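Since the model is a prediction, treat every value here as computed from it, not as a measurement. In what follows, every heavy atom counts, from backbone to side chain, and hydrogens, waters and symmetry copies are set aside. All chains are named by letter (A, B, ...) in the order of the sequence lines, taking the proteins before the strands, and each is independently numbered beginning at 1.
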Amino acid sequence: MDSAPKTPVRTRFAPSPTGPFSVGNARTALFAWLYARRNGGTFLLRIEDTDMERSKPEYEEQIRDSLAWLGLNWDETPLRQSERRAVYEKYIKKLLEEKKAYFCFCSEEELEADRTAQLSQGLAPKYGGRCRSLTDEESARRAALEPHVIRFRMPQGSISFTDLIRGEVTFEADIIGDFIIAKDERTPLYNFAVVIDDEESAVTHVVRGEDHLSNTPRQIALQKALGFGTPVYAHLPLLLDAERQKLSKRRAQTSLLAYRHEGYLADAMFNFLLLLGWHPEGDEIVGRDEALKRFDLSRVQKAGAVWSDEKLSWMNAHYIRAMETSALLTELASFVPKAWQEKKELLAKAVGIEKERMKTLADFASRAGFFFELPDYPPDMLFWDEKPDESKENIRALHAALEETLTFTPEFLTATLEARAKETGKGAAYWPFRVALSGEQSSPGGIEIALALGREETLRRLEIAIEKVEA
RNA sequence: GGCCCCAUCGUCUAGUGGCCUAGGACGCUGCCCUCUCACGGCGGAAACUGGAGUUCGAAUCUCCAUGGGGUCACCA
């Protein structure tokens, strides 16, 4: 592979449990996982729950469920940042002692005022440095009395790194300013916790969304200040909505598990997500094994990718069609009414027939009802085209023919229908038969349905049709 | 607004100086198959953002412009 790393790969996926697990998260996880697995490396999961107010246990559970559903297994015990306050404290104190960080007493109102002032002057908003050069004594004295946060003393110069996807990227440290790394000695903020955890977990490759690109120089500056190494970065293009904005919960459905509940297959989602930013050389249908063999970050697109429900839907239908009926039956379990489950044989046949027609697993329940219970339908639905008389006649004739024999095979049914078709035209033979069995304007073929229903039920439905046309 | 990233059909993309009359997939669409639906088969419309370079030759390299996006929190 062309971008094979030299050292054993250790990468991680680090979501925060502050909301439903999104498809964007899933795509990031997928690419990181593929990169790790593809290179025989380690894939770690880390829960970034430093924001105690917004983090919820149910969202953490959703992260695990989502990854498990997609088959993205992780190694080692996941780190949970909320449990690592003592670790962060150690490093925060170290930076404080080394004067690489300092207490800041500015109020939020003051900062907000600074920010608007800078913005109105056309400047990049950044911390002005009011507390930067407080003496130790003053700092200590005020710390005992006033609320304060901890800022990192951003060194001068420029910060460059080589991104696996974008190449060399450079930021000027000067425009970043002294950012806040912790609310207090034990409460780190995102950029700080990330640096500590990546170091302690010996992460070699960070694969994450492009929205983190501008955090990278901050993190690198912290790494340098702490004497840590810098991992290799790969910033994935963002997933966009139809308006080309970052996919967000407010504008579109983004919950991964919502797709699952709508009846999307994990394999289809996997394949679809894979195609958002990466492309195989040949066929777009790429399963897990194939992806593991061929995935390469160097082939990842740089520009954002717009989400397409249409293509996902097509992909899902494709995977459903390709699936063995028995396997599909298993997937369908939670989508099928109890009553249908009990008619095992009929259910299996119905699934086999509807397989070609469903786009989602949920479609089955809304499509296949007629197999289990004939819906009521208007009598004239039975009439083909302008041939009501022939249609009536054919229903009776078909009923009579089927009643006369116990032979109930595809060949027999075809022969019987064809015989009528010769007399009255194909439509007048097949259409009424199919409608009598399905009660629907459109449905699978009559013979297919008849074979699924069996002789007895077929006759019964034909009798209902006869009653209807005679009424 | 500053900084950073990006730019091929509506969408996902192939394409790394000649193989491009720009290929595939989804979607759209015409025809075929056909009792309806679906599947399938064969076609079609549909793109290199613009300009200036470099070069014998640019979708491919450079620069500028334009456009889009991300980010500028005591969120992550």
Side-chain angles (χ1 to χ4, degrees), chain A residues 14-19 48-51 53-55 81 104 106-108 111-112 115 118-126 147-151 163 165-167 169-172 174-177 179-184 187 189-191 193-194 208-217 235 237-238 240 242 244-246 272 275-285 299 301-315 317-318 321 353-359 367 384-385 391 417 421 425-435 438 440-446:
Chain A
S16 63
T18 52
E48 307 227 318
D49 55 351
T50 48
D51 187 338
E53 266 141 51
R54 295 199 306 146
S55 295
Q81 292 186 325
C104 174
C106 299
S107 69
E108 292 189 51
L111 295 172
E112 187 51 44
R115 205 171 296 132
Q118 285 163 338
L119 230 29
S120 71
Q121 286 174 61
L123 296 169
K126 69 164 189 178
H148 55 282
V149 297
I150 299 164
R151 276 185 194 277
D163 188 283
I165 293 169
R166 281 150 222 287
V169 182
T170 304
F171 289 85
E172 292 307 320
D174 190 50
I175 61 130
I176 295 172
F179 58 96
I180 300 175
I181 57 173
K183 295 192 190 188
D184 59 57
T187 313
L189 258 20
Y190 168 73
N191 279 118
V194 164
R208 57 172 27 162
E210 194 191 335
D211 48 348
H212 284 293
L213 199 56
S214 55
N215 282 322
T216 307
H235 287 94
L238 259 18
L240 275 21
R244 295 206 141 268
Q245 307 286 309
K246 185 164 97 165
F272 175 70
L275 259 27
L276 255 20
W278 180 83
H279 208 264
E281 276 163 50
D283 197 343
E284 286 190 338
I285 300 301
R299 278 182 71 84
Q301 201 77 13
K302 291 190 186 76
V306 175
W307 181 267
S308 165
D309 274 328
E310 287 76 27
K311 188 145 185 179
L312 205 214
S313 172
W314 169 82
M315 185 72 79
H318 178 92
R321 261 180 264 130
I353 292 168
E354 290 292 343
K355 192 159 78 170
E356 301 270 292
R357 283 161 252 260
M358 315 178 221
K359 288 201 183 303
R367 301 189 59 96
W384 168 252
D385 209 14
S391 298
L417 254 346
K426 235 176 165 179
Y430 282 83
W431 174 273
F433 183 60
R434 189 185 58 71
V435 171
S438 68
E440 305 275 5
Q441 283 282 354
S442 65
S443 77

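- B:U66 and B:G51 are spaced 15 Å apart, taking the P atom of each and rounding to whole Å.
- Judged as a side-chain contact (heavy atoms from CB on, under 4.5 Å), and not counting sequence neighbours, the contacts of A:P280 are A:L275, A:W278, A:V286, A:R294.
- Across every strand in view, B:A47 sits unpaired, with no contact that passes the Watson-Crick or G-U test at under 3.5 angstrom.
- For B:G67, the paired base is B:C6 (Watson-Crick or G-U wobble, both distances below 3.5 Å).
- Base pairing of B:G40: its partner is B:C32, meeting the Watson-Crick or G-U wobble criterion (both donor-acceptor distances under 3.5 Å).
- With both ends at atom P, the span from B:C9 to B:C64 equals 23 Å, rounded to whole Å.
- Across all strands shown, nothing is found opposite B:U54 as a Watson-Crick or G-U wobble partner with both distances under 3.5 Å.
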Next on the checklist: Could you walk me through whether A:E210 and A:L238 satisfy the side chain to side chain contact (heavy atoms under 4.5 Å, CB included) test, starting with their C-alpha distance in whole Å, then the side-chain angles of each, then the deciding distance to 0.1 Å, before giving a yes or no?
Outcome noted: CA-CA 6 Å; A:E210 194 191 335; A:L238 259 18; 3.9 Å; yes
Checklist entry - When you look at A:R208 and A:T216, which way does the side chain to side chain contact (heavy atoms under 4.5 Å, CB included) test go after all the steps? => result CA-CA 11 Å; A:R208 57 172 27 162; A:T216 307; 3.1 Å; yes
Item to check | Sugar-phosphate or base contact per nucleotide [nucleotides 26-39 of chain B; S, B, -; heavy atom under 4.0 Å] | outcome: SS-------BBBBS
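- Note on A:T170: only backbone sugar-phosphate atoms sit closer than 4.0 angstrom, heavy atoms only; bases stay farther off.
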Item to check | Base versus backbone protein contacts along nucleotides 58-76 of chain B [heavy-atom cut-off under 4.0 Å; B, S, -] | outcome: -----------SSSBSBBB
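- B:G53 and B:C5 have their C1' atoms separated by 25 Å, with the value rounded to a whole Å.
- A:N215 has its side chain within reach of A:Y190: a pair of non-hydrogen atoms, C-beta onward, lies under 4.5 Å apart.
- Rounding to whole angstrom units, CD of residue A:Q121 and C1' of B:G2 are separated by 12 Å.
- Base pairing of B:A59 is not made with any nucleotide, judged by Watson-Crick or G-U wobble geometry with both donor-acceptor distances under 3.5 Å.
- Ring orientation note: the planes of A:W307 and A:F272 are nearly perpendicular, at an angle over 60° on the 30°/60° scale.
- Across B:A7, B:C12, B:C4, the shortest atom-to-atom separation from the side chain of A:V169 is found for B:C4.
- Between B:A46 and B:U13, the two C1' atoms lie 15 Å apart (nearest whole Å).
- Residue contacts for A:Q301: at a heavy-atom cut-off of 4.0 Å it reaches the sugar-phosphate backbone alone, with no base atom in range.
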